[in-house]
Novice: 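The structure under discussion is supplied below as structure tokens; questions concerning it will follow.
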Number of protein chains: 2
Amino acid sequence: MNKRIEKMAENRAKLIVAAREAFADKGYSAASMDDITSAVGLTRGALYHNFGDKRGLLAAVVDQIDSEMALYAQNVGAQAADEWEGLLAEGTAYIEKALEPEIQRIVLLDGPAVLGDPSQWPSQNSCLQTTKQTVEGLISRGTLKNIDSEAAARLLNGAALNAALWVAASPTPKDVLPHAIEAFQALASGLLKKPV
Amino acid sequence: MNKRIEKMAENRAKLIVAAREAFADKGYSAASMDDITSAVGLTRGALYHNFGDKRGLLAAVVDQIDSEMALYAQNVGAQAADEWEGLLAEGTAYIEKALEPEIQRIVLLDGPAVLGDPSQWPSQNSCLQTTKQTVEGLISRGTLKNIDSEAAARLLNGAALNAALWVAASPTPKDVLPHAIEAFQALASGLLKKPV
DNA sequence: ATATTTCACATACTTAGCGTATGTCAACTC
DNA sequence: GAGTTGACATACGCTAAGTATGTGAAATAT
């Protein structure tokens with residue numbers, strides 16, 4: 001029973017997949033809603049019914065990607081030797097993830113422009129929450145200086161984000177990436193109470 | 001003589017002013033070119049002749065703002081006691097500048113989304129160049145660790161930028177700003193060879 | 001089991017705004 | 001002062017977002 005809500009969820013998922021592809025490929029504004037819907041055998045009617053408007057669709061896509069990234073970052077962080085290494089690992093993982101064109105285009109470029117500041121997103125930017133928690137743990141354990149955890153998390157993410165943009169846009173990403181990671185870890189070490 | 005190029009420069013300037021206002025107010029995509037031109041008694045013909053397309057207009061606006069910011073940052077940095085203090089001062093100046101809605105909307109949100117990575121802009125992001133030079137000076141003097149100067153500059157700017165976005169979006173910017181600045185300075189100190 | 005309602009989605013239409021092709025008149029050239 | 005250039009205006013087409021309305025299958029009621 002309830003074949004309708006089942007079908008609806010299925011269509012929503014299909015639309016998000018199609019939108020994700022189109023947004024990544026052409027960018028938000030150049031991606032047409034007719035193309036997205038017809039790619040999965042639906043019409044704009046379905047889109048407006050499910051997501052309200054084009055922004056709503058982008059929000060749904062961003063939310064999905066964001067969740068995936070947070071999950072990934074958490075896994076990477078959990079595998080590190082200690083929590084401090086975990087923070088560094090999370091950061092570099094973030095940089096590497098952000099090298100994917102899809103992430104850049106949708107989450108780092110179009111997302112903020114269309115939806116506004118990431119920290120205000122309904123998805124709450126789960127990625128940010130992850131690092132914030134790690135930072136808090138490290139502060140309470142006396143590893144890090146006693147600074148505002150949200151501030152630290154935001155700046156770390158911002159640094160990593162720009163590092164990724166820079167690396168991706170460079171003609172030789174492979175050569176530049178190590179420099180970016182090195183710089184990131186140097187900056188992060190500024191948060192340590194007792195410098196290495 | 002040459003009344004024509006004079007008039008043209010004047011019109012260009014007027015259009016940039018109008019565009020700057022419209023972009024800051026409504027955002028890039030919502031700002032209509034008809035509105036911009038009619039606001040200064042011209043038509044879209046003038047706009048397309050001078051800037052090629054809408055993107056070209058945004059590029060011109062961004063270029064102007066960027067130059068202003070670089071000039072400001074340099075002045076602030078030059079007034080500091082030493083070069084290290086100058087770097088910190090530049091960073092906080094950047095954060096404070098980025099609190100202006102105009103800067104945020106045009107340079108930090110719409111700019112990257114429409115024009116792509118800032119470091120590839122024709123204006124070369126003069127602001128970035130300024131910090132890069134400061135960093136190089138500090139490295140050669142042995143104050144900072146020997147890391148890639150461009151990487152350091154990019155990450156510092158990125159951190160500052162996100163700090164500004166965060167502060168501006170917060171319900172109580174005044175209270176949050178000091179935390180942002182504190183975190184920024186902590187991060188920056190990670191670049192120091194001999195920690196304070 | 002049939003009638004009724006609901007609602008997920010389709011269809012048709014309106015409108016806004018970018019880009020382009022063409023026109024025009026003042027400013028420079030010869 | 002006739003010809004040419006070029007900065008800008010005018011007019012048009014086209015794409016694409018949003019909206020209002022239609023439709024048929026699934027859920028519910030009788």
Side-chain angles (χ1 to χ4, degrees), chain A residues 1-62 105-106 110-111 113-116, chain B residues 1-62 105-106 110-111 113-116:
Chain A
M1 65 185 76
N2 258 351
K3 206 166 162 185
R4 275 172 71 163
I5 62 170
E6 193 179 308
K7 190 86 179 174
M8 193 181 180
E10 192 183 313
N11 280 341
R12 266 186 68 97
K14 282 201 284 188
L15 285 171
I16 291 181
V17 169
R20 197 168 155 166
E21 255 192 63
F23 289 159
D25 195 37
K26 309 181 174 179
Y28 173 77
S29 80
S32 105
M33 306 183 70
D34 278 320
D35 289 351
I36 293 173
T37 49
S38 67
V40 292
L42 293 170
T43 68
R44 287 215 324 283
L47 241 173
Y48 279 96
H49 189 74
N50 276 288
F51 303 99
D53 60 358
K54 202 182 181 184
R55 277 190 56 175
L57 178 60
L58 178 63
V61 170
V62 163
R105 185 76 248 179
I106 300 179
D110 287 333
V114 176
L115 306 174
Chain B
M1 64 186 77
N2 258 353
K3 206 166 163 187
R4 274 171 72 163
I5 62 168
E6 192 178 307
K7 190 84 180 176
M8 193 181 179
E10 191 182 312
N11 280 341
R12 267 186 68 97
K14 280 200 287 188
L15 286 171
I16 290 181
V17 169
R20 197 168 156 165
E21 255 192 62
F23 289 158
D25 195 37
K26 308 181 175 181
Y28 173 78
S29 80
S32 107
M33 306 183 67
D34 279 320
D35 289 351
I36 293 173
T37 49
S38 68
V40 293
L42 294 168
T43 68
R44 288 216 322 285
L47 239 174
Y48 279 95
H49 191 74
N50 276 290
F51 303 99
D53 60 357
K54 202 182 180 184
R55 277 190 54 174
L57 178 60
L58 177 63
V61 170
V62 163
R105 186 75 248 181
I106 300 179
D110 287 332
V114 177
L115 306 173

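Side-chain atoms are counted along with the backbone in the values below, which use heavy atoms only and exclude waters and symmetry mates. Note that the structure is predicted; figures quoted are calculated from it, not measured. Chain letters run A, B, ... following the sequence lines, proteins first, then strands; residues in each count from 1.
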Novice: Pairs in or reaching into residues 25-46 of chain A: which pass ring pair (Phe, Tyr, Trp, His ring centres under 6.0 Å), with residues at least two apart or in two chains?
Specialist: A:F23-A:Y28

Novice: Which pair of non-hydrogen atoms, one from B:I36 and one from B:L15, has the smallest distance, and what is that distance?
Specialist: CG2-O, 4.1 Å

Novice: Could you give the CG-to-P distance, from A:L57 to D:dA16, as a whole number of Å?
Specialist: 15 Å

Novice: When the distance from CG of A:L47 to C1' of C:dT11 is rounded to whole Å, what number comes out?
Specialist: 15 Å

Novice: Just by distance, do the side chain of B:D53 and the backbone of B:G56 share a donor-acceptor pair under 3.5 Å?
Specialist: yes

Novice: Could I get a table of every N or O pair under 3.5 Å where one atom is in the protein and the other is in nucleotides 18-21 of chain C?
Specialist:
residue	atom	partner	partner atom	Å
C:dC18	OP1	B:A31	O	3.4
C:dC18	OP1	B:K54	NZ	3.1
C:dC18	OP2	B:M33	N	3.2
C:dG19	OP2	B:Y48	OH	2.7
C:dG19	OP2	B:K54	N	3.4
C:dG19	N7	B:R44	NH2	2.6
C:dG19	O6	B:R44	NH2	2.4

Novice: Roughly how many Å is it from NZ in A:K26 to C1' in D:dT15, rounded to a whole number?
Specialist: 12 Å

Novice: Between A:N50 and C:dA8, does any side-chain N or O lie under 4.0 Å from OP1 or OP2?
Specialist: no

Novice: Within the 4.0 Å heavy-atom criterion, would you say B:L42 contacts the bases, only the backbone, or no part of the nucleic acid?
Specialist: sugar-phosphate

Novice: Tell me, which pairs form a ring pair (Phe, Tyr, Trp, His ring centres under 6.0 Å) where one or both residues lie in residues 31-56 of chain A, sequence neighbours left out?
Specialist: none

Novice: B:D110 and B:L58: which non-hydrogen atoms are nearest, and at how many Å?
Specialist: O-CD2, 4.2 Å

Novice: With nearest nucleotide decided by heavy atoms, which residue, A:R12 or B:A30, maps closer to the 5′ end of DNA chain C?
Specialist: A:R12

Novice: For nucleotides 4-7 of chain C, print each protein N/O atom paired with a nucleotide N/O atom at under 3.5 Å, atom names and distance only.
Specialist:
residue	atom	partner	partner atom	Å
C:dT6	O2	A:R4	NH1	3.2
C:dC7	O4'	A:R4	NH2	2.2
C:dC7	O2	A:R4	NH2	3.3

Novice: What residues, two or more places apart in sequence or in another chain, satisfy side chain to side chain contact (heavy atoms under 4.5 Å, CB included) together with A:A59?
Specialist: A:L115

Novice: So which one's nearest nucleotide on DNA chain D is more toward 5', B:N11 or A:D35?
Specialist: B:N11

Novice: Between C1' on C:dA8 and CG on A:N2, what's the gap in Å once rounded to a whole number?
Specialist: 13 Å

Novice: Using whole Å, report how far CD1 of A:I5 lies from P of D:dA26.
Specialist: 14 Å

Novice: Can you check the A:E10 CD to D:dA25 P distance for me, whole Å?
Specialist: 17 Å

Novice: Specify the closest pair of heavy atoms between A:R20 and A:I106, including all atoms of both residues, with the distance to one decimal.
Specialist: O-CD1, 3.5 Å

Novice: What's the CG-P distance between A:L58 and D:dA17, to the nearest Å?
Specialist: 13 Å

Novice: Could you tell me which non-hydrogen atom of B:V40 sits nearest to which non-hydrogen atom of B:K14, and how far apart they are?
Specialist: CG1-O, 3.8 Å

Novice: Enumerate the residue pairs fulfilling salt bridge (Lys or Arg N to Asp or Glu O under 4.0 Å) with a member in residues 24-36 of chain B, sequence neighbours excluded, ordered by first and then second residue.
Specialist: B:K26-B:D35, B:D34-B:R44

